[in-house]
Amino acid sequence: TKHILHGSLLVQYKYGTMNGNTSSSGDTLIGNGVSITPQYATSILETTFSGDIVNDDNGDNNHFRLALYVNGHKEYEQTELLGGPRGGHEATHHGGNADRIYAHAHYEYMKNMRQSVGLVHAYQHGSLNKCNFEIYAASYDNGSKTLTVSNGFLIVKEVAVGIAGLNGQQ
């Protein structure tokens, strides 16, 4: 029996661990995904991911990224992890058109670079169809440098938003 829900309510909660590595410049699946079948078409699916990334190569010209895929489509992406590409671009703070430090900043003598990563994303599914959430990683434009993801943990929660929807008071 379906109920009318008022306010925010946790409907269901699923999680999975994610570990793996990639040297590919294309997105590579890390671990297994998490599947969830919403009970309410008006709810949101809130995803939370946390993990550690490491690159054992030198730190010159790093450009790694992580992405959240939903049903095979890229929904959210974090780029320029572990420093970003040498010289930067117009949106960076080291190099490029918006130079705040100096052009062509190098980190070539840094090794074993590690970083904690995380994301929180709300996904409006709009149906009762099963949704598959996956984490992908890429070693973009790095000359085959290896990015390792460890201690990865993905949580997907279905949260009912009530009759007010996503606008107004919850």
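Index from 1, following the sequence.
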Check: Quick one: do Phe49 and Tyr136 end up in the same hydrophobic cluster if we chain Ile, Leu, Val, Met, Phe, Trp and Tyr together by side-chain heavy atoms under 4.5 Å apart?
Finding: no

Note to self: Taking Ser43's backbone N and O only, do any of them form a donor-acceptor pair with His125's side chain (distance below 3.5 Å, no angle check)?
What the structure shows: yes

Checklist line | Heavy-atom side-chain proximity of Ile36 to Leu45 below 4.5 angstrom | finding: yes

Margin query: Could you check whether any side-chain heavy atom of Asn21 comes within less than 4.5 Å of a side-chain heavy atom of Leu147, counting everything from C-beta outward?
Written below: no

Note to self: Enumerate the salt bridge (charged side-chain N to carboxylate O under 4.0 Å, His left out) contacts for residues 27-36, please, sequence neighbours excluded, ordered by first and then second residue.
What the structure shows: Asp27-Arg65, Asp27-Lys74

Next item on the list: State, without any angle test, whether Ser116 and Asp52 hold a side-chain donor-acceptor pair at a distance under 3.5 Å.
Entry: yes

Check: For residues Ser23 and Thr146, is any side-chain donor paired with an opposing acceptor at under 3.5 Å?
Finding: yes

Check: Quick one: are Leu81 and Gln115 in side-chain contact, heavy atoms under 4.5 Å?
Finding: yes

Note to self: For Asn132 and Ser35, which I'm curious about, is there any donor-acceptor pair between the side chains at under 3.5 Å?
What the structure shows: yes

Next item on the list: Let me know which of Lys157, Glu158, His121 forms a side-chain contact (heavy atoms from CB on, under 4.5 Å) with Glu46.
Entry: Lys157

Checklist line | Donor-acceptor contact below 3.5 Å, side chain Gln78 vs main chain Phe64 | finding: no

Margin query: Could you see if Tyr69 belongs to whatever hydrophobic cluster contains Phe133? Use Ile, Leu, Val, Met, Phe, Trp, Tyr and a side-chain cutoff under 4.5 Å.
Written below: no

Item checked: Residue among Thr47, Val120, Leu68 satisfying side-chain contact (heavy atoms from CB on, under 4.5 Å) with Tyr76 -> Leu68

Item checked: Backbone N/O of Lys145 and side chain of Ser139: donor-acceptor pair under 3.5 Å -> yes

Notebook entry, point to check: Of Asn32, Leu66, Val34, Asn151, which is the lone residue that meets side-chain contact (heavy atoms from CB on, under 4.5 Å) with Met18?
Noted result: Val34

